[in-house]
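Just below is one structure, and these are the notes that go with it.
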Amino acid sequence: QVQLVESGGGLVQAGDSLRLSCLVSGRTFSRTSMGWFRQFPLKAREFIAAINWNGDTTYYGNSMKGRFTISRVNAKNTVYLQMNSLRPEDTAVYYCAGGTFGGVRSMEIEYEFWGQGTQVTVSS
């Protein structure tokens, strides 16, 4: 059974940085494309970033590149999301997701595996 467990969320102040981690088990991580999404209350999930199997290709959603950086360490079965200069409007539940498609994708429906989410709250 594939499991994705996010960590690193919490309450921070505007302008702070935060790094989210997602540990994957139950599947060969080096053959799993990974992505990060976030969800605001009563809204659909929003794509943040994706990274391919070996980490040499990344893809970011509109307005995400610059403050958000996705990376992975296959030896640790972990994907990261570095978030800088956080704003109150970044407050959301952040999810990591995994897919078997091999490249980078932005559509939620293409990801087969999901974590439970971690709350990020940014105070002004």
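Count residues from 1 along the sequence. Keep in mind that the numbers below use all heavy atoms, side chains included, and drop hydrogens, waters and symmetry copies.
Hydrophobic clustering of Ile, Leu, Val, Met, Phe, Trp and Tyr side chains at less than 4.5 Å, counting indirect connections, unites Val12 with Ile48. Under the 4.5 Å side-chain heavy-atom criterion for Ile, Leu, Val, Met, Phe, Trp and Tyr, Tyr60 and Leu81 are members of the same hydrophobic cluster. Val93 and Met34 fall into different hydrophobic clusters, defined by Ile, Leu, Val, Met, Phe, Trp and Tyr side-chain heavy atoms under 4.5 Å apart, directly or through other members. Both Val2 and Phe29 belong to a common hydrophobic cluster when Ile, Leu, Val, Met, Phe, Trp and Tyr are linked at side-chain heavy-atom distances under 4.5 angstrom.
Atom CD1 in Ile70 sits 12.5 Å away from atom NZ in Lys65 (nearest 0.5 Å). The CD atom of Glu108 sits 5.0 Å away from the CZ atom of Arg45 when rounded to the nearest 0.5 Å. Between the CZ atom in Arg31 and the CG atom in Asn74 there is a gap of 9.0 Å [rounded to 0.5 Å].
Within the 3.5 Å criterion, the main-chain N or O of Gln3 finds no donor-acceptor partner in the side chain of Trp114. Side-chain atoms of Ser21 never come within 3.5 Å of backbone atoms of Ser7 as a donor-acceptor pair (strictly under, hydrogens ignored). No side-chain donor-acceptor contact under 3.5 Å links Gln13 to the backbone of Ser123. In terms of modelled atom types and a separation under 3.5 Å, the side chain of Ser30 and the main chain of Thr28 share no donor-acceptor contact. In terms of modelled atom types and a separation under 3.5 Å, the side chain of Tyr111 and the main chain of Ser33 share no donor-acceptor contact.
Taking the six-membered ring for Trp, Phe37 and Tyr95 have ring centres at least 6.0 Å apart.
Residues Thr91 and Val122 share a closest heavy-atom pair of OG1-N, 2.9 Å. In terms of heavy-atom proximity, Trp36 sits nearest to Leu20 at CH2-CB, 3.7 Å. Residues Phe47 and Tyr59 come closest through the heavy atom pair CZ-O, 3.6 Å. Residues Leu4 and Cys22 come closest through the heavy atom pair CB-SG, 3.9 Å. The two residues Phe40 and Glu89 make their nearest non-hydrogen contact at CE2-O, 3.3 Å. Nearest heavy atom pair, residue Asp90 against residue Arg67, reads OD2-NH1, 2.8 Å.
Looking only at atom types and distance, the side chain of Ser17 has a donor-acceptor partner in the side chain of Asn84 under 3.5 Å away. Judged purely by distance below 3.5 Å, without hydrogens or angles, the side chains of Arg27 and Thr32 pair a donor atom with an acceptor atom. Checking Tyr94 against Arg38 by side-chain atom types alone, a donor-acceptor pair falls below 3.5 Å.
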Side chains of residues 96-104: which donor-acceptor partners sit under 3.5 Å, not counting sequence neighbours?
residue, atom, partner, partner atom, Å
Thr100, OG1, Glu112, OE1, 2.8
Thr100, OG1, Glu112, OE2, 3.1

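Around the CG atom of Asn62, the shell of radius 6.0 Å holds no more than 12 heavy atoms that belong to other residues, nucleotides or ligands.
Taking the ring axis of Trp53 as reference, the NZ or CZ atom of Arg72 does not stay both within 45° of it and closer than 6.0 Å to the ring centre.
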**OP:** Apply side-chain contact (heavy atoms from CB on, under 4.5 Å) to Leu18 and Val120, showing your working.
**Re:** CA-CA 9 Å; Leu18 206 57; Val120 172; 4.0 Å; yes

